[in-house]
J.: 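Input: one structure, supplied below.
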Amino acid sequence: MAPEISREPLFNSRDGHQLGHISDAIDSVNAFKTVKFNDDSQFDIEKDKAQFRQYLNASERVKSFYREQHEKQTVAYNLKARINFKTKRKAKMTVWEAMEKLNTLIDESDPDTSLSQIEHLLQTAEAIRRDGKPRWMQVTGLIHDLGKLLFFFDAEGQWDVVGDTFPIGCAFDNRIILSETFKNNPDYNHPVYSTEFGIYHEGCGLENVMLSWGHDEYLYHVVKHQSKIPDEGLAMIRYHSFYPWHKEGAYYKLMNDHDREMLKAVQAFNPYDLYSKSDDTPTVEELRPYYMELVDEFFPEKIIDW
Ligand SMILES: O[C@H]1[C@H](O)[C@@H](O)[C@H](O)[C@@H](O)[C@H]1O
Ligand SMILES: [Fe+2]
Ligand SMILES: [Fe+2]
C-alpha cells in the first residue's frame, strides 16, 4: 500500500507558477505509465510506488554503500570537503558536456534504477515537462543530479557523492534509512554532535546546517551564481536527497520560515525524480535539441565552472 499523501494547499512558486499538489504530480507520472503500458502484456504493470526505496531488502551493494557512508560522513570530513570545494577549480564545461561525462557513473546507492545518469535526468525532466510545469522546473529536473560529477574530481568514493543526505553535527535521526549503521561513525558518541541540536539551535535555518557532503550541496553551490534558476529550483537541487526531512518529517525544528516554503517545492519535485525511474528509457538524441535550448535559457554563460 502506498503511503497517504497529504493534500496541502496549492503552492505557487515565486514567479506565480503553480506547482500544484504532490499527489497530482504522482498521479500524472502514473497516468502516463498506464497509457504507455496499455497494449503491453498483463504482466507489464507499472511498478507500484511502495516498491521504491526498499532498503531493508536491498542488494548487498546498496547496503554496504550506506554502511560506509554512515561511518565516514563526519563533521571533520564535511569541513574538509567544503574547504576543498571552495579552494579548488575542477573543470570548465557546458551543462550538456557534464551530462555526457557523468554517463559512465553507476550509482551504487540506488536500488531503483539501472539506467544511466543521462537517462535518469531526461526521465525526470520529461515527467515535469509532460505535466506542464514551468521551464525553470524542467531545467532543474534535467540537471538535479549533475553534482555526481564530483565523483570524477576529488571524491573519496561514492559515499561522499551519492545517496540520501542528513545533517552532520547533531544527532543522527532514526528516520534516516539504515540508521543503525551510524553506530560506527566517530561522531555518534560525541558529547555535542550526539545531542538533538548539536552545533545548531532551534529554528537556525537549513542554510546554516551542514548536510552530509555529496552531489546536492556541490551542485547547489555550482549553479547558485551561474544560472537563472529561482530559489525553489535551487532548493530542489540542494535538498532532493534529504529524504529524512522532505519525506519522513525529521529535523523540522531546525527550519526557519524560508525552509518551510522551500519544503513544499522540494516535495513537489520528489515524485518526478523518484517515480519517473520506471518510465520508458528516453531517446537522448531526440530530446537533445529541446533541452539544449532550455539550458541556454537558464545558463547564459554556457561554459560553467565546476
Ligand atoms: O540513491 C539515490 C541517488 O543517489 C539519488 O541521486 C539521490 O538523490 C537519492 O537521495 C538517493 O537515494
Ligand atoms: Fe540525486
Ligand atoms: Fe535523481
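Every number for a ligand or one of its atoms is a count from 1 in the order of the listing.
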J.: Count up the protein N, O or S atoms sitting under 2.8 Å from the Fe ion (ligand 2), would you?
T.: 3
J.: Considering both backbone and side-chain atoms of Pro111, is one of its nitrogen or oxygen atoms within less than 3.5 Å of a nitrogen or oxygen in ligand 1?
T.: no
J.: Tell me whether Lys148 has any N or O atom under 3.5 angstrom from an N or O of ligand 1.
T.: yes
J.: Closer than 3.5 angstrom, by distance alone: can the side chain of Lys63 be matched with the main-chain N or O of Leu56 as a donor-acceptor pair?
T.: yes
J.: If the cut-off is 4.0 Å to any non-hydrogen atom of Ser109, which atoms of ligand 1 fall inside it?
T.: 1 (O), 2 (C), 3 (C), 4 (O)
J.: Using side-chain hydrogen bond (donor to acceptor under 3.5 Å, both in side chains) as the criterion, list what pairs up with Glu301, not counting sequence neighbours.
T.: none
J.: For Phe151, which residues count as a side-chain contact (heavy atoms from CB on, under 4.5 Å) partner, sequence neighbours excluded?
T.: Leu105, Gln158, Val161
J.: With only distance considered, is Lys277 within less than 3.5 Å of ligand 1 through an N or O on each side?
T.: no
J.: I'd like to check which ligand 1 atoms, numbered from 1 as shown, lie under 4.0 Å from a non-hydrogen atom of Asp164.
T.: 9 (C), 10 (O), 11 (C), 12 (O)
J.: I'd like to know if Tyr66 contacts ligand 1, where contact means a heavy-atom distance under 4.0 Å to any ligand atom.
T.: yes
J.: With a heavy-atom distance limit of 4.0 Å, tell me whether Asp110 approaches ligand 1 through its side chain, its backbone, both, or neither.
T.: both
J.: Hey, is the main chain of His240 close enough, under 3.5 Å, to the side chain of His246 for a donor-acceptor pair?
T.: yes
J.: When you compare the side chains of Glu126 and Tyr291, does any donor N or O come within less than 3.5 Å of an acceptor on the partner?
T.: yes
J.: Minimum heavy-atom separation for Ile168 and Gln73, please, with both atom names.
T.: CD1-O, 3.5 Å
J.: Any nitrogen or oxygen of Asp145, main chain or side chain, under 3.5 Å from a nitrogen or oxygen of ligand 1?
T.: yes
J.: Short list, please: which atoms of ligand 1 are under 4.0 Å from a heavy atom of His240?
T.: 8 (O)
J.: For Lys101, which residues count as a side-chain hydrogen bond (donor to acceptor under 3.5 Å, both in side chains) partner, sequence neighbours excluded?
T.: none
J.: Evaluate the salt bridge (charged side-chain N to carboxylate O under 4.0 Å, His left out) criterion for residues Arg130 and Asp279: first the C-alpha distance (whole Å), next the side-chain angles of each, then the deciding distance (0.1 Å), finally the verdict.
T.: CA-CA 12 Å; Arg130 205 160 54 224; Asp279 287 356; 3.1 Å; yes
